[in-house]
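One structure below.
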Amino acid sequence: MRVNFTVNGRPQEADDVWEGESLLYVLRERLGLPGSKNACEQGECGSCTVRLDGVPVCSCLVAAGQVEGREVVTVEGLADYAKQRAEHGGACGTGACGSSGTSLQDAQGWSAKGSDSQTGEGTELSPIQQAFIDAGAVQCGFCTPGLLVAADEMLERNPSPSDEDIREALSGNLCRCTGYEKILDAVRLAAARQERQGIQEGAV
Amino acid sequence: MSRNTRVAAAPAGTPTKVTQGSRTKGGIGESTLRPDGTLKVTGEFAYSSDMWHEDMLWGQILRSTVAHAEIVSIDTSEALAQAGVYAVLTYDDLPTEVKNYGLEIQDTPVLAHGRVRHHGEPVALVAADHPETARRAAAKIKVEYKELPVVTDEASATAPGAPLLHPGRDDHHAGHVPHPNIVHRQPIVRGNADEAAKKADVIVSGEYVFGMQDQAFLGPESGLAVPAEDGGVDLYVATQWLHSDLRQIAPVLGLPEEKVRMTLSGVGGAFGGREDLSMQIHACLLALRTGKPVKIVYNRFESFFGHVHRHPAKLWYEHGATKDGRITHMKCRIVLDGGAYASASPAVVGNASSLAVGPYVIDDVDIEAIALYTNNPPCGAMRGFGAVQACFAYEAQMDKLAKKLGMDPVEFRQLNAMEQGTLMPTGQPVDSPAPVAELLRRVKARPLPPERQWESTEGADVRALPGGLSNTTHGEGVVRGVGYAVGIKNVGFSEGFDDYSTAKVRMEVINGEAVATVHTAMAEVGQGGITVHAQIARTELGVTQVTINPADTQVGSAGSTSASRQTYVTGGAVKNSCELVREKVLEIGRRKLGTYHPAWATAELLLEGGKVVTDGGEVLADLVDVLEDEAVEIEAEWRHRPTEAFDLRTGQGNGHVQYSFAAHRAVVEVDTELGLVKVIELACAQDVGKALNPLSVVGQIQGGTTQGLGVAVMEEIIVDPKTAKVRNPSFTDYLIPTILDTPTIPVDVLELADDHAPYGLRGIGEAPTLSSTPAVLAAIRNATGLELNKTPVRPEHLTGTL
Amino acid sequence: MDFLRPASWEEALAAKAEHPTAVPIAGGTDVMVEINFDHRRPEYLLDLNRIELLREWEVGEENVRLGASVPYTEIMEHLRAELPGLALASHTVASPQIRNRGGVGGNLGTASPAGDAHPALLAAGAEVEVESVRGSRFIPIDAFYTGVKRNALQPDELIKTVHIKKADGPQQYSKVGTRNAMVIAVCAFGLALHPETRTVRTGIGSAAPTPVRAKEAEEFLNAALEEGGFWESGKIITPSIAKQFAELASGACNPIDDVRGTAKYRRHAVGIMARRTLGWTWEQYRGTGRTLEGAA
């Protein structure tokens, strides 16, 4: 079957989709967006977390056919999504506010970045992405995309979370490397930076 | 079913070099950020499961549904007839006489031949144009099994007439084991334990059971094999040791090693579970047969069958002590279940026996460790490697002894703690700092977390209570407990293994700046080895910009990312190659510029800030002017001090090169009525020798601590003792800690240099995994007063409802 | 496999009538696991995501009409006062991501004894409105579960709405799992006080082939509370009453040994949860001055 939906602000069309395919498979194998990860495919690890019409879900448990006409934001579009949110001074609940996501053409020609002497040091990141790097919250990194999408959404709803709030919001995302301490650090850091940013902007 | 419509020329996700230096700087000792961090947070870092090739096929493995059976017949005709199926392979299709592989003993069939020995053993392979087509085809392969009786423990493995897992063994352990279903046996005898026992005022003993733990790395086994025009194959895979894989893969394919070109793809965690091969040979076989790229990605269910686990163990211990708290002797017997194939079992036995006394001074010991062959899932490497099981048991014994003597458990341990100069039971002196007592002092001195933290103005916050979100208690039945443990782990490969690594370092001028490139075959599995390599290059070569080339088999072996060894050994190799490059650069400098300043000939010269400077700080030349358009490149091997094998009868021998120590204090709250546990704090103190990257060091310690917590309270692969089948191969029923199960983990890092190691560093990855489990157990015992001789502790153990 | 995407409830009913073997998929949190793990290959998947009415709820005089696909997150956030037991149960469901997708209709459709919503529905009292092209009918929750993963639905029927009694008193819900989050129930217990009728209702999860009520325990407690005048006086329930209630709740279990827990533990834990949830709800009842307003 054919599925049309929007990913990171760009309309996408996936063809010849098998009816049992998940949104995760379509993103990874058909649209060249492998950032969402395939760690358990049973909704027990959160590595495939994306936003579907603004809501964090496990993309492994969404049937591809169910996303017809809907909006998806993946880790690949997170920086743009956060930027748009900051510029529009609020949540982009639909995901439709981004227009600069990956184009289909770009997606099809996807290859791992890092070539040409790049580590992506100049890449523009969302606050939560930067905080994960700065706090040492990334080791193997396989859980990172899902955690970022979940943590970013929590900070959107709850800009000053308590530690228990952070733990609850991220309790659907398994990490096997870090023991979560540095992930907590990262979320606290992003929240603090966001707050400081807000105060500065408020003062202008 | 149609294939993907994407177009690509070369495999998407092919690893490329990463360069760090425009923004991130830092030499050793600094918390430099990961060079792959940005790629990982943007989703652009390509893991092995992200590999994609135009026209690729999907491989699927058919696995045995029973643990032990004769294969009467295999019929692949219906599977082959399916549209979209390109190949179906069985044992009969293997191309050469080499049909087995294995880390140390080549006893593992690439595909089952006439017999399966464990649940989930690979029987046949399918390549098809879509994963669903491959799955459906695999389901159509008809395998007729005739079930055989299963061997599941020591009694059934060594019973008269027990089925032999590997009849006619001719491996190098076959000659000294008491039964062919015993992979390896290592006794260690020192002093006279029976005689020393007579001096004991108290004697305690116990039998301890350690459950089967899974590495549960999040990135499933996966990779892409691309057939090459020269008849060879390019393999992109997540592994811990490329060259060890290569040595096992090439002979099965009938190819010379240079025609199997391996590149490390992004690795989603490892923890020992990628030490053995998984899908590597299978993907290559299918690619070579079909002439098309083949991708294999296990799902989580298959992953539980696709790699070895931590050996479950039964441990029997006896200790004695005098009234004044001195340990008189120790006797123990450790039985590790290695499952159907050897994997790393012999080395795990060596570790379990040689580290069985723990970090204590005990002169008279009688130790025996064995690993069994059974029909249970194969077990091998996992973080802590034999030392974990022993630590769980000897730390329980320490608490029992202290209790019986009426002593404080920490003071009792400190009284018997080893230190630099102590002789190991193998007779080997500990020749670098061993601050066991100090580590215990530090965790004990830390203030305890406040009580009843769940109380808030709006009632109990269940998230801070045992049971968490499940709302099982608002404080009822909750009792606090505190427990301590300390452990000892060897670093690096032991027992005479030639443990070396190789690093190729290049220095040249690019865009008017002296820059370095580091190329090793080290598997970056998340531990941060590449971060450290860049730091070492900056420190040794005085550059800012460092490029890390992808790990592949175009450079010499780096050894495995295991045994806490990579920073020591490959870090050592990078340091060594940098030093050689530096010498060469200075030589060039002397040749070109030596006449301009006498210091070129007389002073100790360093490379700093892109310049050649004297040890007094005087700048002699800019590296740009020294090198001009010349590049200096050196590939060199580096090895640590040699070790020797343990004597097979007495266990004596200088078997280890370095030890690593960590101590934990666990604070738990137990709902004693429901048997649910919440770990409140898990403080760790560890000696790391030298923290090359403090941020990463703390991250490793916290991660290792959490894996120890997992096996203390929830993680266990449950194997049915009647059928030897795995009952919980999923993340629904094999539980690992969530963020709500994991406490604050304050870390106290000591840096007492080991003068034998590069920069004085100590391998750190495994030690925290040892002591966290017994510390949690001790805390639960403290809270409940129960004996608890098994890990993981289940609610049933705490409520008497087994 | 065919993927059916009805745009309306009527189309969905027509599709289900035409293809009675079609497997309805809403949140996907059960069905997709079975597909991903190769446990199930239905001929038809019937997607209910486009049907708005399934995602709607309405608070009436006596009942809450809860659309089958209202995600657990919405129940937690918006229906705490009206459905406190179900809101608590919703909070224990898997993970935030799953709670954002899954709804009560899925729990009922799958009818696993481990479904988190069942004990809360049993305790509150509910009716399941199911419909087919033949018409609609209401199935009392007590008659809905017919066996292990079996329910009272006919092959052509779909679950439309769950009509749940609005809380007229405190309700509680507890679930034992061997992890502090994202865990399938080893066993669970729901309890609701109904001061209007002076009754107590319960629900037990994962401790019998189907979700069940602890009827003997309820009857004992109803009688004991009545006899002792507890409803009027609001005095503390005596330990012996609580103990016997817990024992009877435990006795209502008919559990099995499996990888998640032993039968013996399940019986034990249900007893503990029964005693605790009774204590919590009764304290709330006392604390609210025995008003009849819902408490959570």
Side-chain angles (χ1 to χ4, degrees), chain A residues 15-16 18 20 28-30 32-42 44-45 47 74-76 79 108-115 117-123 125 129 132-134 136 138-145 148 164 167-168 170-171 173-174 176-183, chain B residues 1-2 4-7 12-16 18-20 22-24 33-35 37-47 49-50 130 132 216-220 267-269 297 299-300 461 463-464 469 525-527 547 695-696 699 702-703 705-706 730-732 736 738-740 742 745:
Chain A
D15 240 334
D16 299 318
W18 170 56
R28 290 176 51 78
E29 304 294 342
R30 297 192 182 278
L33 293 167
S36 310
K37 292 292 172 250
N38 55 325
C40 83
E41 294 172 85
Q42 57 181 146
E44 292 276 359
C45 78
S47 305
T74 71
V75 70
E76 287 96 339
Q108 287 176 334
W110 174 82
S111 72
K113 297 287 167 49
S115 53
S117 304
Q118 287 299 316
T119 56
E121 279 184 341
T123 310
L125 300 174
Q129 288 171 315
F132 262 61
I133 297 176
D134 295 345
V138 179
Q139 287 189 27
C140 93
F142 208 79
C143 68
T144 304
L148 289 168
E164 294 305 323
R167 288 183 192 275
E168 179 177 341
L170 303 184
S171 63
N173 293 78
L174 296 178
R176 191 55 159 169
C177 295
T178 63
Y180 303 103
E181 279 283 80
K182 306 238 168 282
I183 291 169
Chain B
M1 216 160 298
S2 160
N4 305 339
T5 48
R6 280 167 55 196
V7 194
T14 302
T16 47
V18 288
T19 299
Q20 194 182 44
S22 65
R23 210 179 60 191
T24 310
L33 301 178
R34 301 183 66 93
T38 303
L39 297 173
K40 284 180 172 176
V41 299
T42 52
E44 286 172 354
F45 184 83
Y47 295 86
S49 52
D50 301 338
H130 187 282
E132 173 66 2
F217 44 72
L218 285 192
V267 184
V297 182
N299 68 11
R300 184 54 56 182
D461 186 342
R463 298 172 300 187
L469 289 175
V525 304
Q527 83 277 25
T547 296
L695 187 70
S696 300
Q702 291 169 333
T705 295
T706 303
S730 74
F731 271 179
T732 309
I736 66 173
T738 71
I739 195 168
L740 268 168
T742 309
I745 307 172

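Order of the sequence lines fixes the chain letters, A, B, ..., with proteins taken first and strands second; residue numbering starts at 1 for each chain.
Taking both residues in full, the closest heavy atoms of A:Lys37 and B:Tyr47 are given as CE-CD1, 3.1 Å, listed atom of the first, atom of the second, then distance. Residues B:Pro220 and A:Phe142 approach most closely at CD-CZ, 3.8 Å, considering heavy atoms.
Remark: the backbone N or O of B:Ala464 is not paired with any side-chain donor or acceptor of A:Arg167 at under 3.5 angstrom. Between the B:Arg300 side chain and the A:Ala39 main chain, a donor and an acceptor come within less than 3.5 Å of each other. Panel note: side chain B:Gln702, backbone A:Glu181; no donor-acceptor pair is recorded below 3.5 Å. The closest donor-acceptor contact from the side chain of A:Gln139 to the backbone of B:Gly699 lies under 3.5 Å. For A:Tyr180 (side chain) and B:Thr742 (main-chain N/O), no donor-acceptor pair under 3.5 Å exists by modelled atom type.
Of the two parts of A:Cys177, the backbone and the side chain both hold a non-hydrogen atom closer than 4.5 Å to a non-hydrogen atom of chain B. Looking at A:Asp134, both its backbone and its side chain come within 4.5 Å of chain B, counting heavy atoms on both sides. Heavy atoms of A:Ser47 lying under 4.5 Å from chain B belong exclusively to its side chain. For B:Thr706, the part sitting under 4.5 Å from any heavy atom of chain A is the side chain, from C-beta outward, and nothing else. For chain B, the nearby part of A:Gln42 is the side chain; its heavy atoms alone come within less than 4.5 Å. Looking at A:Leu170, the atoms closer than 4.5 Å to chain B (heavy atoms on both sides) sit in the backbone and in the side chain alike. Neither the backbone nor the side chain of B:Ser696 has a heavy atom closer than 4.5 Å to any heavy atom of chain A. Of the two parts of A:Glu41, only the side chain, counted from C-beta on, holds a non-hydrogen atom closer than 4.5 Å to a non-hydrogen atom of chain B.
Using a 4.5 Å heavy-atom cutoff, the side chains of A:Val75 and B:Thr42 are not in contact. Taking 4.5 Å as the limit, every side-chain heavy atom of B:Leu218 sits out of range of all side-chain heavy atoms of A:Cys140. Side-chain contact check for A:Lys182 versus B:Leu695: some heavy-atom pair is nearer than 4.5 Å.
Options B:Val267, B:Val525, B:Thr732 differ in how many heavy-atom pairs under 4.5 Å they form with chain A, and the most are formed by B:Thr732. Among B:Leu469, B:Thr705, B:Asn299, the residue making the largest number of heavy-atom pairs under 4.5 Å with chain A is B:Leu469. Counting heavy-atom pairs under 4.5 Å between each of A:Cys40, A:Gly20, A:Gly35, A:Ser36 and chain B puts A:Cys40 at the top. In terms of non-hydrogen atom pairs under 4.5 Å with chain A, the most contact-rich of B:Gln527, B:Lys40, B:Arg463, B:Arg34 is B:Arg463. Listed options A:Asn173, A:Ile133, A:Ile183 were ranked by heavy-atom pairs under 4.5 angstrom with chain B; first place goes to A:Ile133.
The line from CZ of A:Arg28 to OG of B:Ser49 is 4.5 Å long, rounded to the nearest 0.5 Å. Rounding to the nearest 0.5 Å gives a distance of 7.0 Å between CD of A:Glu168 and CG of B:Leu740.
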